[in-house]
Each structure stands twice: as structure tokens, then as C-alpha cells.
There are 2 protein chains.
Amino acid sequence: MNLAWHDVDDLFAALGDRIRLRLACCLLAVPTGACVCELVDALDESQPNVSRHLKVLKAARLVEERREGRWMYYRLCQPDHPLLDSIRACIATVCRCSDVQEDVRRLRTRLDLRRDGKCVFGTAMMPSRSGRRKGGERRVRLPLVH
Amino acid sequence: MNLAWHDVDDLFAALGDRIRLRLACCLLAVPTGACVCELVDALDESQPNVSRHLKVLKAARLVEERREGRWMYYRLCQPDHPLLDSIRACIATVCRCSDVQEDVRRLRTRLDLRRDGKCVFGTAMMPSRSGRRKGGERRVRLPLVH
DNA sequence: TTGATATATTCATAGATTGGAATATATGAA
DNA sequence: TTCATATATTCCAATCTATGAATATATCAA
């Protein structure tokens, strides 16, 4: 199979951003996918920003999305090209060898809040590192029971 | 070994540009390195541009340089980290599966002009695809005999 | 020294990228 | 319908990136 230049450098450019690389590592750690608010809490970045960066990853065909009610789940695409296998190996190495471990740990904690394997909370359920959320108090919200 | 974010996304960003990816592929094909003018002819890009992009690759610690007389030879760094092995695998796949083959072919043709394994010509020894060089005629220059 | 030449850098500028703030959209529940 | 909420988008300003053109630097030869 022949790759267009267009696709190839977009692939690397997509990973050439800290936030997107962190997202990719998180998604590699959760093969079935994570929803936006879970990723927002894992990275402690704003929701619009996470959403934007996920869009870039999607445009590069690194991730795919599926809607489930109000939640959008993103996961890494299945590698359908040797290059994607190599890219995946890179992401795995970054996962192993960098401080992205913290993000993954926060993500796992967040995933513990799921009910029946599904996200039932919005964002702002995690203690913030950066004090981004004003007031600082954790919003208390009851889980939606389906 | 732990990687700083700084290093990691710079690495991907360095490859997130068409010209730099083409350069990386060319250098993978010539492990002992190629000089700037050979790469200029292989890619048919301007010398300042090739020089600039090589600088970015160097800053990302993907390539290293050595001077030999008037010529600067660039080559891929030896992988000293698992991530660099993975990155190399990516570049190799791109080499195999994309139209960078044309660049590598032109580079090999250019390398045939070497004497004793060293570059003895400047740029503009190759027929131009894009008609970038005004006049269009190939500059005739005698090789320097050392 | 002077001249030729391989490479690097500077300058200017067009275009792309980033991210905060605000807003829009989409879905589900009541 | 109306409200709540998960996600996406738009607007905007700041910043970064890419590249042509011109120039500077470095090396070698004479």
C-alpha cells in the first residue's frame, strides 16, 4: 500500500503536540476508549481544548469516535497499515518512558467512577492539580442511574 | 530512562513536516551520511531550506553532523533510546510505503558522482523537476580532484 | 592575500497553530 | 416543551512555522 505524503506527515504532526501525545497515550492504555470528560480529567485541560485536539487526532486518522448518549468515546483506530503499527509502538514507548504515566493514573482513577463500564459523570469530578476550577471545591453531582 | 515531554513532542514535530520526513528517509537510506548539496539535489529544494530543516532535525537530536572540508555531512543519530528505535522503524516504513522512493533514487544517482566516497560537486548537478533553476541548463563544472 | 564555493543565517512575511472565552449543538430527562 | 449537561464550534489574539531572498560564514585553492 502506498501512503500519500499528506497522510504521513499529518500523522507525525498530530503527535508533535504535547497534549495530543498525552491523549494518544491515554487512549492506548484504554483500548475500548474513553469519553471526553474522562480525558479532560486525566489531563486536567479545558474541555474545549481536549475536544479540539481530539479532532486533530481524528483528522489524522489516529483515533475514531462513537457516540453513546451524551458521551463521545474516542479510541485509537485499529492499525490498518504497517506505519500505524510502528506509530503505535512509538506511543507505547512514550507511555513507558515518560511522565505521561501520571495522566494514565488519573485516567484509571476516573474510570473507576464508571457504572456498567460507562461514564456517568461529566467533568470536574477530579481534584484539580492546577487549581483551574474556581472555588476549588469539587462539584457534587449524583450519578445518573439508567 | 525517562524522557522529558519537551524532547518527545519535539521528536514527532520534527517529523511532522514533509521536507524533514523526506530528509529522514534519505538519511536512513545512507547510513554513513550525505552532505547538504546531495540532499538539495535529492529533494530538489533550495539549499537554505534544506539547511534549515536539517537544523531542526539536529535540534530534535535525530541527526548529527560532521564537517569534511567545505562539506557538511548529516546522518541519523545512533538510537540510544527505545523511542529512537521505534521512530526509526516508522521512518523505515515511510521509506518503504511512500513516494519518498523518488527522493532516495535521486539521492543514489547523486551519490554516484562521489569520488572516493566523498562529495566533490556542489548543487545544481541534477536535472531539475520543477524548473526551479532559471535557464534550465545544467551547470557544467569540473570535479575537484584532491 | 583573493576568489570560488558549500553551507548557514538573517530578515521579512504569509500562513498555520494554539488556547481562552463565549457560544452553539446534541442528547436525555422531566 | 424546558432544563441540564456532554461535547463541539466560533471568535480572536498571541505565537509559532515555513520559506524566498539576500547575506554571512567557512573552507579550500591559487
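Hydrogens, waters and symmetry mates play no part in the numbers below; they use all other heavy atoms, side chains included. Residue numbering restarts at 1 for every chain, and letters A, B, ... go by the order of the sequence lines. These figures come from a predicted structure and were not determined experimentally.
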Point to revise | Gap between atoms NZ and C1', on K118(B) and dT27(D) respectively (whole Å) | key: 14 Å
Practice item. Without swapping roles, check the side chain of R20(A) against the backbone of A14(A) for a donor-acceptor pair under 3.5 Å. Key: yes
Exercise for review: Could you check whether C119(A) gets within reach of a base, just the sugar-phosphate, or nothing at all, counting any heavy atom under 4.0 Å?
Suggested key: nothing
**Study point:** CG/D112(B): more than 12 non-hydrogen atoms of other groups inside 6.0 Å
**Key:** yes
Review point. Taking only residues two or more places apart in sequence or in another chain, which ones pass salt bridge (charged side-chain N to carboxylate O under 4.0 Å, His left out) with R75(A)?
Key: E64(A)
Review point. Counting only heavy atoms not in R88(A), do more than 12 fall under 6.0 Å of its CZ?
Key: yes
Revision key, fill the gap. Of the listed dT5(D), dT9(C), dA26(D), the closest approach to the R70(A) side chain comes from dT5(D)
Review point. Closest to the V36(A) side chain: dT9(C), dA4(D), dA8(D)?
Key: dA8(D)
Study note, to complete from the structure: Going 5' to 3' through nucleotides 12-19 of chain C and flagging B where a protein heavy-atom sits under 4.0 Å of the base, S where only the sugar-phosphate is that close, and - otherwise, we get ------SB
Point to revise | Interatomic distance, R18(A) CZ vs dC16(D) C1' [rounded to whole Å] | key: 14 Å
Study note, to complete from the structure: To the nearest angstrom, the CG-P distance between L39(B) and dA6(C) comes to 14 Å
Review point. For S51(B), which residues count as a side-chain hydrogen bond (donor to acceptor under 3.5 Å, both in side chains) partner, sequence neighbours excluded?
Key: none
Check your understanding: Rounded to whole angstroms, how far apart are NZ on K58(A) and C1' on dT9(D)?
Key -> 12 Å
Point to revise | Residues forming a side-chain contact (heavy atoms from CB on, under 4.5 Å) with R66(B), sequence neighbours excluded | key: E68(B), Y73(B)
Check your understanding: Do D41(B) and R106(B) meet the salt-bridge criterion of a basic N to acidic O distance under 4.0 Å?
Key -> no
Check your understanding: Rounded to whole angstrom units, what separation is found between the OH atom of Y73(A) and the P atom of dT7(D)?
Key -> 8 Å
Check your understanding: What residues form a side-chain contact (heavy atoms from CB on, under 4.5 Å) with A13(B), not counting sequence neighbours?
Key -> none
Exercise for review: Just jot down the salt bridge (charged side-chain N to carboxylate O under 4.0 Å, His left out) partners of R67(B), sequence neighbours excluded, or say none.
Suggested key: none
Check your understanding: dT27(D) P sits how many Å from W71(B) CH2, rounded?
Key -> 13 Å
Review point. Rounding to a whole Å, what distance do you find between R66(A):CZ and dT27(C):P?
Key: 16 Å
Point to revise | E65(A): partners by side-chain contact (heavy atoms from CB on, under 4.5 Å), with sequence neighbours left out | key: K58(A), M72(A), Y74(A)
Check your understanding: Checking all strands, does Y74(B) fall into the base, sugar-phosphate, or nothing category for heavy-atom contacts under 4.0 angstrom?
Key -> sugar-phosphate
Review point. Taking only residues two or more places apart in sequence, or in another chain, which ones meet R52(B) in a side-chain contact (heavy atoms from CB on, under 4.5 Å)?
Key: P48(B), N49(B)
Protein-nucleotides 23-25 of chain C N/O pairs under 3.5 Å:
none

Practice item. List in chain and number order the residues that pass side-chain hydrogen bond (donor to acceptor under 3.5 Å, both in side chains) with R114(B), two or more places apart in sequence or in another chain; answer none if no residue qualifies. Key: E38(B)
**Study point:** Bend angle of the helix from dT1(C)-dA30(D) to dA30(C)-dT1(D), end axes from five pairs each (to 10°)
**Key:** 20°
Review point. Counting only side-chain N and O atoms of K55(B), is one of them less than 4.0 Å from OP1 or OP2 of dA8(C)?
Key: no
Study note, to complete from the structure: Rounded to whole Å, the CD-C1' distance (E38(B) to dT7(C)) equals 13 Å
